[in-house]
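First up is the structure itself, then whatever we jot down about it.
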Amino acid sequence: MRIEHVAIWVKDIEAMKKFYVTYFNGNANEKYHNKVKEFESYFLTFDGGARLEIMCKSGIDKPQQDDRIGWAHIAISLGSRESVNEMTARLQNDGYRLVNGPRVTGDGYYESVIEDPEGNLLELTV
C-alpha cells in the first residue's frame, strides 16, 4: 500500500500552484474546472512520485486556527542538511514565515518548518 496523494483546500489556487512549482519542482497537470460546482483543482507531481492536489471551491472559507484537529503539516525531504539550510534561507529571503529551525529535533530529525503562502506548515527535512 502507498498513499496516492494528499489534497488541500486553498484560497488562491494559482498562487499556491506557483509556490509548489517554483520551490519544490512540482509538475502541474492541466487545471480541472467544474463550472457547475465552482470547483477547480491541480495535481502537482514531485520527484519520487508524491502528488499533492490543490483544490479551490466557491463558498469554502474555514477560519484558520493553530493546533486544530486534522493534518498538522506536510514533510518534504530535501536530501541533505545543506539543502534544508539553503531552502530555508531562500524561502525566508523571499518573505515566507519561518516557524522554527533549522534544528535537530528531540527525536533526531534535522528540519525547519515554514509556512506556505496560505499559512499551511511545511516541514523541510533531510
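- Among all heavy-atom pairs drawn from Lys11 and Cys56, the shortest one is O-SG, 3.7 Å.
- The side-chain heavy atoms of Phe24 and Ile76, taken from C-beta on, include a pair separated by under 4.5 Å.
- Residues Phe39 and Met55 have side chains in contact (heavy-atom distance under 4.5 Å, counting atoms from C-beta outward).
- Side chains of Thr125 and Glu111: no donor on one and acceptor on the other come within 3.5 Å.
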Please evaluate residues Lys31 and Lys17 with respect to the criterion side chain to side chain contact (heavy atoms under 4.5 Å, CB included), reporting the C-alpha separation (whole Å), side-chain torsions for both, the decisive distance (0.1 Å), and the verdict.
CA-CA 10 Å; Lys31 185 194 310 186; Lys17 179 183 109 175; over 6 Å; no

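- Summarising the geometry, atom CG belonging to Asn100 is positioned 11.0 Å from atom CD1 belonging to Ile114; distances are rounded to the nearest 0.5 Å.
- The neighbour count for Tyr109 OH, taken as heavy atoms of other residues, nucleotides or ligands under 6.0 Å away, does not exceed 12.
- Using a 4.5 Å heavy-atom threshold, the side chains of Lys57 and Glu40 count as separate.
- Residues that satisfy the side chain to side chain contact (heavy atoms under 4.5 Å, CB included) test with Arg51, not counting sequence neighbours, are Glu4, His5, Phe43, Thr45.
- Ser83 places no side-chain N or O within 3.5 Å of a backbone atom of Gly79 that could act as its donor or acceptor partner.
- Of all the heavy atoms in Val99 and Glu115, the pair that sits closest is CG2-CG, 3.9 Å.
- Side-chain N or O atoms of Glu118 include one that pairs as donor or acceptor with a backbone N or O of Asp12 at under 3.5 Å.
- The closest side-chain donor-acceptor pair between Tyr20 and Asp116 falls under 3.5 angstrom.
- The hydrophobic clustering, which links ILVMFWY residues whose side-chain heavy atoms are closer than 4.5 Å, places Val6 and Leu121 apart.
- Atom CE of Met16 sits about 13.5 Å away from atom CH2 of Trp9, to the nearest 0.5 Å.
- Residues Val113 and Met87 do not share a hydrophobic cluster, defined by chaining ILVMFWY side chains whose heavy atoms lie under 4.5 Å apart.
- Side-chain contact between Tyr32 and Tyr42 is absent, with no heavy atoms from C-beta onward closer than 4.5 Å.
- Legend: residues meeting side chain to side chain contact (heavy atoms under 4.5 Å, CB included) with Asn85, ordered by chain and number and at least two apart, are Pro102, Tyr110.
- A 4.5 Å side-chain heavy-atom check between Asn120 and Ile8 finds at least one atom pair inside the cut-off.
- Under the ring pair (Phe, Tyr, Trp, His ring centres under 6.0 Å) criterion, Tyr96 pairs with Phe19, Tyr23, not counting sequence neighbours.
- Between Asn27 and Val21 the shortest side-chain heavy-atom distance does not fall below 4.5 Å.
- Residue Lys18 places its NZ atom among 12 or fewer non-hydrogen atoms of other residues, nucleotides or ligands, all under 6.0 Å distant.
- Side-chain contact between Ser112 and Leu98 is present, with heavy atoms from C-beta onward closer than 4.5 Å.
- The nearest pair of heavy atoms linking Thr88 to Val84 is OG1-O, 2.6 Å.
- Looking at Leu124 and Leu91, their side chains come closer than 4.5 Å, going by heavy atoms from C-beta outward.
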